[in-house]
Every structure is written in structure tokens, then in C-alpha cells.
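In what follows, every chain begins at residue 1, and chains take the letters A, B, ... in the order their sequences are listed.
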Amino acid sequence: MKARTRFAPSPTGELHIGGVRTALFSWLLARHTGGEFYVRIEDTDQDRYVPGATRRILEAFDWLGLTLDGGPDHEELQTMRTNEDYPGALDDGEYRGVPGPFVQSHRLPIYKHWAEWLIEHGYAYRANETPEELARMREEAQARKQTFVFREEMRLRTDVRPDEPHVIRMRVLPREGQTEINDLIKGRVVFDNSQIDDQVLLKADGFPTYHLAVVVDDHLQGVTHVLRGDDWLSSAPKHVLLYRYFGWQEPQWAHLPNVLGPDGKKLSKRHGAQSVFEFRDQGYIPEALVNFLALLGWAPGGGDEQNVFTVQELIEKFSMEGVGSSPAVFDYNKLDWLNGVHIRRLSDEEFAHRLEPFLARAGIPIDTPQRRELLRRIAPHIKERTKKLTDAAPLVDFFFGDIAVPPIEALVGPKMDAPASAHALQAALKLVEAFEPFDDQPLEQAMRQLCAELHLKPTQLFTIIRNAVTGKSVTPPLFATMAILGRETCRLRMRRALEALEQAALRHP
RNA sequence: GCCCCCAUCGUCUAGCGGUCCAGGACGCGGCCCUUUCAAGGCCGAAACACGGGUUCGAGUCCCGUUGGGGGCACCA
């Protein structure tokens, strides 16, 4: 069965990582079944609207590679409260049968129509208690240790006219009895109708609340599976009731368990990175993030113990049966590992390319063909050494600029003194000056032979050379590094190091 | 307070009544490889929250307890 799913964020800020997981599951379900996935912007709260948020949401989907079959196009974005146009937004005609508009503030007459329809058919009524009056009623209920549930009989005024400011509330029917929801993840969940509020459907400002808008839009847009956060479960019976009132067929419900932080609390800003872009800026790649998020609450099952997935594999193997019902803790350790795995799967070219913005940020602009080619040559040697793209800069900086003469402690080999180190470095320098060809393998062979001649262990000689040539004790493989650096640079740096070593030897003979 | 959800190694999970003295992955410890750091290979420690049922038999089904989480807006 082809699934049509949607992700419906409100433009109130950055796309949260928990929201991304919900979007991912919805997207995977749609792609797995050959159905459609689209984005709908739920901007019905005028107070919480954040300019630019919609743009950022679309950008996040782009970066993650979650393709859309529907969503706001350029024109619709431009006519939002603030101009939200995004270069990568959809053009007209790409909706594969999903009808727009995809921004709820552009659908106001539709909600109005269906709200009035409910009144006409006895499923809703007008009310106009002020926020203050409602707050007082809540306090009174609390004093009586009762759950506050607004009911028609509690209206302070029953003569609300259609032409005065008012809200439209749903009439929960029947008042007694129960309403149950059949959830793909939670199973059958039953609620007492007495616990269900006569929820406001249309606000006094003419905007719908989530409850009306989501039901109307999901139905009109042909949504087959509603995947959303766990926190919506308690209001789900209201939605079930609305479908029933309208006589529409319910979608399949799937309430995903929350994502928790390492402390077991719902993931929030306190836990560090929370928006997709923060992850991007911290050097995570979308392949890894998608893989990781998929595993947060989903497993292939059936004895399949695969952990590393490409997006294609996820699409093939994903199913709702594999989605678990318990909340999952976001484990940065595993994300880091997966990021390294997916980085290693990148081609050298691709890896080098993705490194560029991170190197630029670290003061290593890759702005010439020469520098780009240099990075490309280095790439295979640092790929398995970077877990996050931010790790690369300290591994490559000495390729792109001069280094300071290392401190003397770094130039003295393990279990050696300054004079012995100077002697060894001098021999190595001599070899570097004359050796041909100046390539990785032959150079290593020659240096190993030199070790034998000097009665030194490889680690002793190589440590001295490494520090002299790179200024660091942790580097990519030494001889590949030297070959890329080139004979002249190596010679220069070794000579400077040798001078420092000789002076030290004179001071402490 | 009321309502709802959840419960296997530290973490993500497999397990859909017997094949589980519970399997995989991350992390952790050890060994190997090794010029540093990684990557890789091998080995190891590590879990069915508790109490009642049901059953010939329960991690798997039911009930309760405890512990976590979520909801109770003219916010989504």
C-alpha cells in the first residue's frame, strides 16, 4: 500500500533533532511504499511565528537529503507573513497529486468552512469566555482537585452571535462513554470521553487551532499515515472524534516515542546540539545523522543485525513493524562512531570537498586549484582519522602553511638526548636531500635502513623526523606526509630543527 | 492532582511461550597489528526492574508495585 505522509512543523525556530527523526520515519515510510511525502507549514499561531524559520526548515530537508513531493513553492513562500523564499524550494507542478496550499495561513477559508459545518451539524458551538475567565475556572477545578474540562454548560454567555468575536469549540459527543484510538505503535488506547475537553477549534482571530487544521488538512491532502511525537497521543481522541463527525476515514496513527537526552529527560537545549544545523556545523554528515536517527527507535528485526545503513538500504528495509514503543536516549558516542564510518565510505574527492568549509573556518581557505589538489592528495591519509569534519584542520594545517620551530623536547627522540637526536636528524636530512625518487614507499625503506645503520628503533628516528617536519606528534602516516610536503619543505623544516637541536646540544653537552 | 504511554547489558536494540545459562552494535577493558594517532582483527566484563498469577514451560501473556516519560492552552 502506498503511504502518503507529511511533516508539519510550525515555523517557530530551528528544526529540532527529535522532529527530524519524526520526519525521517515519515519519509522512509513514504519512500518504502512508493508513496508521497510532503511538508506543510503550520503557522496558525501568530504570536510564535519566527521570520525565516520556514526557509531554514526547507534548507534542513535539503541538507539531509529528504526529498519532497509537495510543499510550499516560491510563490507561496513569498506571500507568507515575511518573505520566506528559499532557492531550493519547489516550483509549481511538482506535487504528485498532493493538493496545496502548503502553508496553513493560506488556507483560512477552508478551516472556517469546516468549523461552520460542524456547528450546522451539531458538533460544535460558539463561545467567548475570556482567557481570564477560563483561568479562573481552571483554578476552581484545581481547588476541587478535579481535571478541568471545558463543557458547553459552563459557558458564561450562551447568546454569542456569529458577528461578534468568539471561538468555536468542538462538542464532545457522546459525553459519557469512551473513545479509542488504534495506534500502529501503541496499539489500542482508550480514553474516557469525560476527560476530553471541548477543545477550541477556531480561535477568535480566525485562525484554526492545531486540532482542526491537522484533521482538515490531512484529510483533504490524502494523508494515509499520521506519524507524530508521543506527546500528541493524549489529544488524539479529539482528532478521532472529528474524523467521525466529518464522516471521513481515519488515517493510520503512529505516535513515536520521544527522544531523550543522556540524562533520560526529553531532549532539549540543555543537552548541547539540538538543531540540525548545529550538528552540521559540528562536523556531522547527513549520511551518518540519518543512519543514526533511523536506529533511534527502529531496528530491522527478524534477526537482521545490521547497524550501518545507506539511505537506500533504509528505504528498502524500513517498516512500521520495526518501530519500537519505548523512548530512546540520544547517544553521542554512537553518532560519532557512525559519522566516522560514513566518512570513511566517502570517496576521496567527496571527502575533500566536504572538508573545505570546515578548513576555511579554521583559517585554511581552500581557494586555489593548487590548494584543492593538495587537499585531494591528503584526503585518503586523514579519512580514517576523522570522526567529525571538524577534526581535520589540526591534521592538515602544516601542509598549508609554515610551522614554528618545534620546542626542543619534541625534537629529542624517545630515550635519547639532544646530541644523539641531532646526529640522527642530520643523517636523515642528508638522505632527504639526495634521495630519489621522493616517494612514500622507497623513502620509508631507505629510512628504515638508516635506522639499522644508526642502531635506532624506527620509533626513535621517526618521532624526531615527524616533529621536525610537521611540528606535531600526531600526524597522518609520516612518509606519505613527507612525499606530499615535498623535498624542499621537508629539507627546510628539518634543517631548522637540526639547528635548534645543535644549539641545545651545545648548551647541555 | 487527574489522564495516557513506556520498562532486556551504561546506551541503541534482537527476542513476537520451549532452540536464551539471552544475540548484535556503540562505549569500556585486554591482546594483536604498528613510526604517532587512527582504522582493523581477536578476546572479555556487562541486562530480562520487582511481586503475584496463567501455563507442563515466561524475557516473551495477564494483574499489581516501583521507576521513567508525556499530556491536562483561543501553542504546536
Side-chain angles (χ1 to χ4, degrees), chain A residues 8-10 12 42-45 47-48 127-131 134-135 138 141-142 144-150 165-169 183 185-187 189-192 194-197 199-205 207-211 213-214 228-237 255 257-258 260 262 264-266 292 295-308 321 324-338 340 344 382-387 391 395 444 447-448 451 457-463 465-467 470 472-479:
Chain A
S10 54
T12 51
E42 310 220 321
D43 60 341
T44 56
D45 185 343
D47 296 330
R48 296 204 306 154
N128 73 347
E129 282 61 41
T130 65
L134 288 168
R138 264 184 214 102
Q142 200 161 37
R144 289 193 309 265
K145 292 186 188 292
Q146 286 178 334
T147 307
F148 176 71
V149 174
F150 190 91
H166 65 279
V167 300
I168 295 179
R169 285 180 180 272
D183 191 273
I185 293 169
K186 309 288 184 186
V189 186
V190 182
F191 296 84
D192 281 335
S194 62
Q195 297 288 131
I196 305 173
D197 205 47
Q199 183 60 241
V200 171
L201 298 179
L202 204 67
K203 300 184 261 187
D205 62 3
F207 281 73
T209 59
Y210 170 84
H211 309 281
V214 75
R228 72 216 319 192
D230 213 333
D231 36 347
W232 287 111
L233 187 58
S234 48
S235 47
H255 289 90
N258 278 137
L260 275 25
K265 301 265 187 263
K266 191 175 170 184
F292 175 75
L295 254 24
L296 219 54
W298 173 84
D304 188 339
E305 286 173 336
Q306 185 174 352
N307 278 279
V308 180
E321 288 76 60
S325 55
S326 49
V329 175
F330 194 100
D331 180 9
Y332 286 87
N333 271 327
K334 193 160 187 176
L335 208 213
D336 285 357
W337 168 73
L338 269 174
R344 271 173 256 135
I382 62 166
K383 202 154 66 172
E384 67 199 25
R385 290 172 172 74
T386 95
K387 266 191 157 74
D391 296 342
L395 248 26
E444 176 169 353
M447 284 296 184
R448 284 187 186 281
C451 285
K457 289 182 175 171
T459 186
Q460 294 181 296
L461 211 217
F462 296 175
T463 297
I465 301 176
R466 169 176 299 106
N467 278 286
T470 69
K472 290 168 188 272
S473 54
V474 175
T475 69
L478 182 56
F479 301 105

Exercise for the section: Have a look at Pro262(A) and say if it touches a base, only the backbone sugar-phosphate, or nothing, with a 4.0 Å heavy-atom cut-off. Expected result: nothing
Exercise for the section: Indicate whether OP1 or OP2 belonging to U36(B) is found under 4.0 Å from a side-chain N or O atom of Thr470(A). Expected result: no
Practice task
Sticking with atom C1', work out how far U60(B) lies from C16(B), rounded to a whole angstrom.
Solution key: 7 Å
Practice task
Identify whether any heavy atom of Pro208(A) sits under 4.0 Å from a base atom; if not, whether one sits that close to sugar-phosphate; answer base, sugar-phosphate or nothing.
Solution key: sugar-phosphate
Fill in the blank from the handout: pair_partner(U60(B)), Watson-Crick or wobble, both distances < 3.5 Å, evaluates to none
Fill in the blank from the handout: Re C2(B): Watson-Crick or G-U wobble partner, both distances kept under 3.5 Å, found to be G71(B)
Practice task
Look at Lys203(A) and C75(B) and indicate whether a side-chain polar atom (N or O) is within less than 4.0 Å of OP1 or OP2.
Solution key: yes
Problem - Tyr210(A) and Trp232(A) aromatic ring geometry - parallel, tilted or perpendicular at 30°/60° bounds - result: parallel
Practice task
Please tell me which of the listed nucleotides, A7(B), U35(B), C26(B), lies nearest to the side chain of Asn333(A)?
Solution key: C26(B)
Practice task
Scan every strand shown for a Watson-Crick or G-U wobble partner of C28(B), both distances under 3.5 Å, and answer none if you come up empty.
Solution key: G44(B)
Problem - Among C74(B), C37(B), C6(B), the one nearest Arg385(A) by side-chain distance - result: C37(B)
Handout entry: Integer angstrom distance from the C1' of U36(B) to that of G15(B)
Key = 44 Å
Handout entry: Among C3(B), C6(B), A76(B), the one nearest Asp45(A) by side-chain distance
Key = A76(B)
Exercise for the section: Looking at every strand, decide which applies to Ser235(A) at a 4.0 Å heavy-atom threshold: base, sugar-phosphate, or nothing. Expected result: nothing
Exercise for the section: For Val149(A) and Ile196(A), work out which heavy atoms get closest and say how close. Expected result: CG1-O, 3.3 Å
Exercise for the section: Select base, sugar-phosphate, or nothing to describe what Gln460(A) touches, counting heavy atoms under 4.0 Å on all strands. Expected result: nothing
Exercise for the section: Select base, sugar-phosphate, or nothing to describe what Pro257(A) touches, counting heavy atoms under 4.0 Å on all strands. Expected result: nothing
Exercise for the section: Just call it for Lys457(A): base, sugar-phosphate, or nothing, with non-hydrogen atoms closer than 4.0 Å on any strand. Expected result: nothing
Handout entry: Below 4.0 Å: OP1/OP2 of U36(B) and any side-chain N or O of Thr459(A)
Key = no
Completion exercise
Of the listed U11(B), C74(B), G24(B), the closest approach to the Asp331(A) side chain comes from U11(B)
Practice task
Check every strand shown and say whether Ser10(A) touches a base, only sugar-phosphate, or nothing at a heavy-atom separation below 4.0 Å.
Solution key: sugar-phosphate
Exercise for the section: Taking atom CD of Gln306(A) as the centre, report whether more than 12 heavy atoms of other residues, nucleotides or ligands fall under 6.0 Å from it. Expected result: yes
Exercise for the section: Mark yes or no for whether Asp197(A), through its side chain, and Phe150(A), through its backbone, hold a donor-acceptor pair below 3.5 Å. Expected result: yes
Practice task
To the nearest Å, give me how far apart CD1 (Ile185(A)) and P (C16(B)) are.
Solution key: 20 Å
Exercise for the section: Looking at every strand, decide which applies to Gly302(A) at a 4.0 Å heavy-atom threshold: base, sugar-phosphate, or nothing. Expected result: sugar-phosphate
Handout entry: Integer angstrom distance from the C1' of A25(B) to that of C9(B)
Key = 12 Å
Problem - Distance, nearest 0.5 Å, that separates NZ of Lys387(A) from CG of Leu338(A) - result: 11.0 Å
Fill in the blank from the handout: From the candidates C74(B), A39(B), A14(B), the one with an atom nearest any side-chain atom of Glu384(A) is A39(B)
Problem - Presence of Lys387(A) side-chain N/O under 4.0 Å of C37(B) phosphate oxygens OP1/OP2 - result: no
Completion exercise
Of the listed A39(B), G70(B), C6(B), the closest approach to the Arg344(A) side chain comes from A39(B)
Practice task
Kindly give the heavy-atom pair with the smallest separation between Ala213(A) and Pro208(A), and that separation in Å.
Solution key: CB-CG, 3.9 Å
Practice task
Using the C1' atom as the reference point in each nucleotide, state the distance between C63(B) and G44(B) in Å, no decimals.
Solution key: 40 Å
Practice task
Using a cut-off of strictly less than 4.0 Å, decide whether Lys334(A) has a side-chain nitrogen or oxygen near OP1 or OP2 of U13(B).
Solution key: no
Problem - Contact nearer the 5' end of RNA chain B, comparing Thr130(A) with Val189(A) - result: Val189(A)
Handout entry: Separation between the P atoms of G59(B) and G53(B), rounded to whole Å
Key = 15 Å
Exercise for the section: Just call it for Ala328(A): base, sugar-phosphate, or nothing, with non-hydrogen atoms closer than 4.0 Å on any strand. Expected result: sugar-phosphate
Completion exercise
Of the listed A39(B), A25(B), U35(B), the closest approach to the Trp337(A) side chain comes from A25(B)
Exercise for the section: Between C31(B) and G10(B), how far apart are the C1' atoms? Round to whole Å, please. Expected result: 24 Å
Handout entry: Length of the CG-C1' vector between Leu201(A) and C74(B), whole Å
Key = 11 Å
Problem - For C21(B), the Watson-Crick or wobble counterpart (both distances under 3.5 Å) - result: none
Problem - Rounded distance in Å between the P positions of C42(B) and C33(B) - result: 15 Å
Exercise for the section: Would you indicate what Trp298(A) reaches in the nucleic acid, counting non-hydrogen atoms under 4.0 angstrom: base, sugar-phosphate, or nothing? Expected result: nothing
Exercise for the section: Using the P atoms only, state how far U66(B) lies from G51(B), rounded to an integer number of Å. Expected result: 15 Å
Completion exercise
From CG of Leu296(A) across to P of G69(B) the rounded distance in Å is 17 Å
Practice task
Could you check which of G69(B), U35(B), C4(B) has an atom nearest any side-chain atom of Phe191(A)?
Solution key: C4(B)
Handout entry: From CZ (Arg169(A)) to CG (Leu202(A)), nearest 0.5 Å
Key = 12.5 Å
Fill in the blank from the handout: Arg48(A) has its side chain closest, among C12(B), C75(B), C74(B), to C75(B)
Exercise for the section: Assign Val167(A) to base, sugar-phosphate, or nothing according to its heavy-atom contacts below 4.0 angstrom with the strands shown. Expected result: base
Practice task
Searching all strands shown, indicate the nucleotide that pairs with C9(B) (Watson-Crick or G-U wobble; both distances under 3.5 Å).
Solution key: none
Practice task
Identify the heavy atoms of Lys186(A) and Asp230(A) that sit nearest to each other, and give their distance.
Solution key: NZ-OD2, 3.2 Å
Exercise for the section: Once you apply the 3.5 Å cut-off to both distances, tell me the Watson-Crick or G-U wobble partner of A49(B), or none. Expected result: U65(B)
Practice task
Could you check whether Ser326(A) gets within reach of a base, just the sugar-phosphate, or nothing at all, counting any heavy atom under 4.0 Å?
Solution key: sugar-phosphate
Handout entry: Distance test, side-chain N/O of Arg138(A) to OP1/OP2 of C72(B), below 4.0 Å
Key = no
Fill in the blank from the handout: Glu321(A) atom CD is separated from A14(B) atom P, nearest whole Å, by 13 Å
Problem - RNA chain B: 5'-proximal contact among Val329(A) and Val190(A) (nearest heavy atom) - result: Val190(A)
Exercise for the section: Can you figure out which of C74(B), A25(B), U35(B) approaches the side chain of Asn307(A) most closely? Expected result: A25(B)
Completion exercise
U36(B) -> Watson-Crick or G-U wobble partner, both distances under 3.5 Å, gives none
Exercise for the section: Before accepting this row, confirm whether a basic side-chain N of the pair Asp331(A)/Lys334(A) lies closer than 4.0 Å to the acidic partner's carboxylate O. Expected result: no
Exercise for the section: Let me know the distance between CG of Leu295(A) and C1' of G24(B), rounded to the nearest Å. Expected result: 11 Å
Practice task
For Leu478(A), report the nucleic acid contact type (base, sugar-phosphate, nothing); a contact means any heavy atom under 4.0 Å.
Solution key: base
Handout entry: Flag if over 12 foreign heavy atoms under 6.0 Å of NZ, Lys203(A)
Key = yes
Exercise for the section: Using a 4.0 Å heavy-atom cut-off across all strands, classify Phe330(A) as base, sugar-phosphate, or nothing. Expected result: nothing
